[in-house]
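Structure, as structure tokens:
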Amino acid sequence: MPELPEIETIRNILKKDLIGKKIDKIDILFKKQFPDEPALVISAKIVDILRTGKVLSIKLSNGKYLNIHLKLSGQLLFAKNANHAVFPQEIPMAASNKLPARSTRVVIHFKDGSGLFFNEIRKFGWIKVSDKPERAKGVDVLSSDFTKEYFQSKMNSSRQIKIVLMDQDRLAGVGNIYANDALFEARVNPEKKANLLTKTETGHLYEAVKKVIQLGVKYSGSSGGDKMYVLPDGSAGGYQRYSSVYQKEGKPCVRCKTLIKRIKQGGRSSFFCPKCQK
DNA sequence: AGGGTTCCCTGTTGGC
DNA sequence: TGCCAACAGGGAACCC
């Protein structure tokens with residue numbers, strides 16, 4: 001499930017792979033996930049790759065942007081030879097180490113023969129052409145605008161703190177994995193209402209969000225559980241080895257050995273230690 | 001307006 | 001063992 005650290009990892013790698021390349025043609029295998037006119041970007045060069053929250057924005061020489069959201073199961077894979085794209089290991093959900101595969105929705109071909117594959121089995125993700133980078137309203141949690149004061153000002157909601165952490169119009173980039181781990185790190189119960197947290201708790205939580213997101217980036221993102229997330233070369237991320245509660249239902253808490261509990265909030269799974277997180 | 005629910009999709013899981 | 005309903009999940013769209 002790609003969140004900020006996963007998108008940031010992809011961004012850093014694709015910057016090396018793609019900057020300077022000229023778009024030759026675009027194969028659209030599922031129209032709904034690339035609804036715009038490909039002619040808007042053909043022959044443009046890739047100038048930069050940006051990210052705000054979970055949205056990746058490929059900046060082009062003609063002023064356009066290719067905005068990309070991977071949603072639940074999106075993958076971006078780069079191949080030097082797009083017409084013979086073979087990866088060292090099988091690509092999750094593609095049932096093959098060769099692309100395009102059944103999960104491939106869009107292929108962006110470059111003039112030098114290389115290509116970028118957009119795979120997405122669930123069909124929720126998208127690539128849109130726009131005149132500006134797309135973004136959620138919230139401040140990106142890796143940016144310098146993400147201050148403790150900003151964070152505390154966004155805790156003015158009567159909703160449960162877990163829901164608030166994942167609200168992209170408040171904080172951009174935090175999804176289920178890192179929200180769970182940040183709450184564990186800060187010892188805050190996910191069901192607590194955001195506006196009832198003490199100033200000390202919001203302070204700890206602010207530091208915890210920064211810590212787990214930075215850890216996620218350091219280990220190239222999380223490929224735990226369904227293992228759908230991969231780097232652009234098809235390899236897996238490593239954060240899942242350092243995750244404390246996400247998808248650890250029934251396993252002992254790393255701090256107190258109490259069994260990790262799973263509950264449902266807003267239709268999503270939450271994992272927490274009922275003893276450590278009060 | 002803010003808070004809550006449903007739906008989009010398809011692979012996986014679990015009950016019978 | 002095999003079938004099939006239930007489940008999972010980010011965020012837009014909807015309702016109250």
Side-chain angles (χ1 to χ4, degrees), chain A residues 1-8 10 29-35 51-57 67-76 90-96 100-106 118-128 130 133-141 153-183 190-196 209 213 216 221-230 240 243 245-250 260-272:
Chain A
M1 200 187 355
E3 304 176 27
L4 188 154
E6 289 73 32
I7 308 301
E8 181 67 5
I10 291 170
L29 307 177
F30 189 69
K31 185 82 178 84
K32 194 180 165 190
Q33 294 186 271
F34 194 116
R51 179 198 59 74
T52 303
K54 303 178 192 175
V55 183
L56 191 76
S57 298
N67 291 305
I68 304 175
H69 201 306
L70 300 181
K71 289 289 179 83
L72 303 175
S73 60
Q75 303 163 337
L76 289 170
E90 183 172 312
I91 305 300
M93 293 300 129
S96 167
R102 60 174 178 165
S103 55
T104 304
R105 309 299 180 203
V106 178
F118 174 54
N119 290 357
E120 217 266 315
I121 199 74
R122 291 275 186 277
K123 298 184 172 173
F124 290 161
W126 42 255
I127 302 181
K128 294 178 192 166
S130 172
E134 190 155 322
R135 53 162 304 162
K137 290 189 195 111
V139 157
D140 185 277
V141 297
S153 76
K154 292 297 171 188
M155 294 296 119
N156 60 344
S157 167
S158 62
R159 310 184 93 179
Q160 297 176 324
I161 181 60
K162 163 75 180 334
I163 307 279
V164 172
L165 280 185
M166 289 175 64
D167 180 354
Q168 302 300 299
D169 290 337
R170 292 173 190 270
L171 318 188
V174 179
N176 208 12
I177 300 171
Y178 299 96
N180 278 295
D181 282 349
L183 286 163
E191 292 184 284
K192 209 165 201 177
K193 293 194 186 292
N195 57 4
L196 296 183
V209 167
I213 290 289
S222 177
S223 296
D226 48 32
K227 297 183 167 60
M228 272 195 274
Y229 160 74
V230 287
Q240 64 280 4
S243 171
V245 286
Y246 182 66
Q247 288 180 339
K248 300 241 191 290
E249 182 186 16
I260 299 300
K261 204 172 158 187
R262 175 164 106 153
I263 57 170
K264 196 148 234 209
Q265 297 180 280
R268 308 287 178 265
S269 293
S270 296
F271 304 86
F272 70 106

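Predicted, not measured: the structure shown is a model, and the values here were computed from it. These values consider heavy atoms only, across backbone and side chains, with no hydrogens, waters or symmetry-generated copies.
With a 4.5 Å cut-off on side-chain heavy atoms, L183(A) and F272(A) do not count as touching. The shortest distance between side-chain heavy atoms of R105(A) and F34(A) does not fall below 4.5 Å.
Side-chain N/O atoms of Y178(A) and E6(A) include a donor and acceptor closer than 3.5 Å. Between the side chains of T52(A) and D140(A), not a single donor N or O lies within less than 3.5 Å of an accepting N or O. Using modelled atom types, one finds a donor on one side chain and an acceptor on the other under 3.5 Å when comparing R262(A) with S269(A). The closest side-chain donor-acceptor pair between S157(A) and N195(A), if any, does not fall under 3.5 angstrom.
Here dC9(B) presents its P atom at 16 Å from NZ of K31(A), a figure rounded to the nearest Å. Taking atom CZ on F271(A) and atom C1' on dG9(C), their separation rounds to 11 Å, with Å as the unit. For E191(A) and dG3(B), the CD to C1' distance is 17 Å, given to the nearest whole Å. Between N119(A) atom CG and dC9(B) atom P there is a gap of 18 Å when expressed in whole angstrom units. Per the geometry, CG belonging to L72(A) stands 14 Å off P belonging to dG11(B), to the nearest Å. Rounded to whole Å, the distance from NZ on K264(A) to P on dA8(C) is 4 Å. Atom NZ of K123(A) is separated from atom C1' of dT10(B) by 8 Å (rounded to the nearest Å). Whole-Å rounding puts the D167(A) CG to dT5(B) P distance at 16 Å.
Under 4.0 angstrom from either OP1 or OP2 of dC8(B) there lies no side-chain N or O belonging to K32(A). The side chain of S157(A) places no N or O atom within less than 4.0 Å of a non-bridging phosphate oxygen (OP1 or OP2) of dG2(B). Between R102(A) and dG11(B) there is a side-chain polar atom (N or O) within less than 4.0 angstrom of OP1 or OP2. Distances shorter than 4.0 Å separate none of the side-chain N or O atoms of R170(A) from OP1 or OP2 on dG2(B). Considering only side-chain N and O atoms, R122(A) lies nowhere under 4.0 angstrom from the phosphate OP1 or OP2 of dG9(C).
Heavy-atom distances to DNA chain B give each of S158(A) and G267(A) a nearest nucleotide, and the one nearer the 5′ end belongs to S158(A).
Without hydrogens or angle criteria, Q240(A) side chain to S223(A) main chain gives a donor-acceptor distance under 3.5 Å. Looking at Q75(A), its side chain does come within 3.5 Å of a backbone N or O of P92(A) through a donor-acceptor pair.
Within a 6.0 Å radius of NZ in K192(A), other residues, nucleotides and ligands contribute more than 12 heavy atoms.
Of the candidates dG4(B), dG11(B), dG9(C), dG4(B) carries the atom nearest the R159(A) side chain, counting heavy atoms from C-beta on.
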Original post:
What one-letter contact string describes nucleotides 11-16 of chain C from 5' to 3', where B marks a base within less than 4.0 Å of any protein heavy atom, S marks contact via sugar-phosphate atoms alone, and - marks no contact?
Top reply: B-----
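Between H69(A) and W126(A), the ring planes lie tilted relative to each other; the angle falls in the 30° to 60° range.
Pairs of Watson-Crick or G-U wobble type, with distances under 3.5 Å, assemble into runs of 3 or more in DNA chain B at these ranges: B:2-16 with C:2-16.
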